[in-house]
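Written below as structure tokens is the structure these notes are about.
One-based numbering along the sequence shown. Atoms considered below: every heavy atom in the structure, side chains included; atoms not considered: hydrogens, waters and symmetry mates. In listed order, ligands and their atoms are each counted from 1.
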Amino acid sequence: MSSPIPFLDLKAINQRHRDALLQACERVIDSGWYVLGGEVSAFEAAFAQYCETPHCVGVANGLDALTLILLADGIGPGDEVLVPSNTYIATWLAVSAVGATPVPVEPDPLTYNIDPVAAAAAITSRTKAILAVHLYGQPADMQALAALAQAHGLRLYEDAAQGHGARCHGRRAGSLSDAAGFSFYPGKNLGALGDGGAVVTRDAALADRVRVLANYGSHIKYHNLVRGVNSRLDTLQAALLMTKLPSLDADNAHRHTVAQRYLDGLAACPLQLPHTPAWAESVWHVFVVGAPQRDALAAALKAADIGSLIHYPIPPHLQPAYADLGIPAGALPIAERMAQQVLSLPMGPTLSLQEVDRVIAVIRQHFGVGA
Ligand SMILES: *Cc1c(COP(=O)(O)O)cnc(C)c1O
């Protein structure tokens, strides 16, 4: 009997760094400095360099990173922000958090990323910005979106919570727009051992506004310029992230090897496999297949002790949380079809190629595809 294959083995991922993580904890404990400080600024500098952007501001989580970008740019009530119809709901929630309206745009059905042509059609006199998502680790078509934003005087942002290290025309996610929000939620490609997030930008003034807003509206303790919030990257998490950052590229390279093996091994199966344009370098946050009989495939994997997940089972516009927008079922057919058909297979930096082969064998057998 072979052992179960989990969807994502977070414990194994962090066990690889156990000694270094413990040393980082000791360093923070012994420093006596537990909020902001040198650990946070060192990680900010390292992550800015990684993203090939001049500025990084650590914040409490990915949702706050996106919210603070919009807030710092003065986007608010009456404004519209274009968002993908198929994304994790946090993308929409950031827009709602500042009082603006998320306007859903359907994806390209091949890449699952926001369709620039559909985005152009959704622009109104109230549109202020486009918030693109590098969904599943694959960069959105930022070149087309940048041209669109420029033509209409819009701001362009990235939700890079799934895209640490991805490249679009050779340039890193985070450096492809006015500002980008990252998440360091434990399951992301660069994950903390708790919550964490960051804003990266080439705009020094925007970075400064985010930094002030995230720290009670204050540059100098007890001097409050604006009504801010408390959304700082935790010092301990910054130290842990610094320990893990040097492994991110190798981890992403392993994900790429896994993805290539899935693509080869599943080519003969009746599945929609991920499509990566030539200019895009995905970091394979998840490996998503499309299957008309998705639930039967998930059940076959479960019967073989193989984990899988659905990203995402209900699109934001059909969530009770967004009932007030009044977008009816059927209005966003591509997002709705994805919710019915997508399935994420095991993927991660510690997944062995033997495990990948077992997943492939179970799926091929499920579809009656010979070895
Ligand atoms: C994880 C995620 C977020 C939110 O990040 P948190 O750190 O959990 O707040 C936002 N957008 C996308 C696309 C995500 O996957």
Side-chain angles (χ1 to χ4, degrees), residues 7-8 10 13 43 47 56-71 81-98 102 104-105 107 111-114 129-140 142 145 157-166 168 173-174 176-177 179-200 210 214 229-234 237-238 240-241 244 252 255 282-288 309-317 319 321-322 335 338-339 342 344 347-348:
F7 173 72
L8 178 70
L10 277 180
I13 287 170
F43 175 72
F47 195 64
C56 171
V57 182
V59 297
N61 55 63
L63 173 58
D64 282 5
L66 300 172
T67 306
L68 287 162
I69 290 168
L70 299 172
L71 199 61
V81 178
L82 305 187
V83 293
S85 56
N86 60 311
T87 180
Y88 182 53
I89 197 168
T91 315
W92 289 42
L93 290 175
V95 177
S96 304
V98 300
V105 175
T111 64
Y112 295 140
N113 268 323
I114 191 167
I130 304 169
L131 176 50
V133 179
H134 305 312
L135 195 71
Y136 305 152
Q138 170 153 307
M142 298 305 291
L145 293 172
Y157 309 118
E158 295 156 79
D159 176 343
Q162 302 185 1
H164 317 67
C168 176
L176 305 163
S177 66
F182 282 89
S183 165
F184 305 120
Y185 183 81
K188 308 294 189 187
N189 288 39
L190 177 62
L193 279 70
D195 279 305
V199 171
V200 305
V210 168
V229 297
N230 178 352
S231 181
R232 300 174 293 225
L233 175 60
D234 186 77
Q237 297 303 335
L240 301 175
L241 287 165
K244 294 179 71 178
N252 284 344
R255 288 171 182 271
S282 175
V283 288
W284 303 103
H285 173 59
V286 284
F287 187 94
V288 174
L309 285 178
I310 298 167
H311 298 97
Y312 296 92
I314 305 170
H317 72 283
Q319 299 281 1
Y322 279 107
M338 284 180 64
V342 294
S344 304
M347 168 57 79

Q: For Q138 and S282, indicate whether the former's side chain and the latter's backbone hold a donor-acceptor pair under 3.5 Å.
A: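 Judged by distance alone, no pair lies under 3.5 Å.
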Any idea which atoms of ligand 1 are less than 4.0 Å away from a heavy-atom of [X]?
{"X": "D159", "value": "10 (C), 11 (N), 12 (C), 13 (C)"}
{"X": "N61", "value": "7 (O), 9 (O)"}
{"X": "A161", "value": "2 (C), 3 (C), 10 (C), 11 (N), 12 (C), 14 (C), 15 (O)"}
{"X": "L63", "value": "4 (C), 5 (O), 6 (P), 9 (O)"}

Q | Heavy-atom gap H285 to ligand 1 smaller than 4.0 Å | A |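 Under 4.0 Å: no for H285.
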Q: Could you tell me how the ring of Y312 sits relative to the ring of Y88: parallel (under 30°), tilted (30 to 60°) or perpendicular (over 60°)?
A: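 Tilted: the ring planes of Y312 and Y88 meet at 30° to 60°.
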Q. Using the ring of each side chain (for Trp, its six-membered ring), is F184 parallel, tilted or perpendicular to H164, with breaks at 30° and 60°?
A.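 The rings of F184 and H164 sit tilted, inter-plane angle from 30° to 60°.
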Q) Are side-chain N/O atoms of Y322 and S96 paired as donor and acceptor at under 3.5 Å? A)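 Y322 vs S96: donor-acceptor pair found between side chains.
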Q) Looking at ligand 1, does any of its N/O atoms fall within less than 3.5 Å of an N/O of Y88? A)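 Such a contact does not occur with ligand 1.
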Q.
Using a plain distance cutoff, I'd like to know if D195 has any nitrogen or oxygen under 3.5 Å from a nitrogen or oxygen of ligand 1.
A.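 For ligand 1, there is no N or O atom that lies under 3.5 Å from one belonging to D195.
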Q. How many angstroms lie between CG in N252 and CG in L190, if you round to the nearest 0.5 Å?
A.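 If we round to the nearest 0.5 Å, N252:CG and L190:CG are 9.0 Å apart.
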Q.
For the CG atom of L93 and the CG atom of L66, what is their distance to the nearest 0.5 Å?
A.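 Here the rounded value is 10.0 Å.
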Q | Protein contact of atom 14 (C) of ligand 1 - nearest heavy atom, named by residue and atom, plus distance | A |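 Closest protein heavy atom to atom 14 (C) of ligand 1: K188 NZ, 3.1 Å.
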Q. So which heavy atom in the protein is nearest atom 10 (C) of ligand 1, and how far is it from that ligand atom?
A.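 Of every protein heavy atom, A90 CB, 3.4 Å lies nearest to atom 10 (C) of ligand 1.
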Q: Please say whether more than 12 non-hydrogen atoms of neighbouring residues, nucleotides or ligands are located less than 6.0 Å from OH in Y185.
A: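 Atom OH in Y185 is not crowded, with 12 or fewer foreign heavy atoms closer than 6.0 Å.
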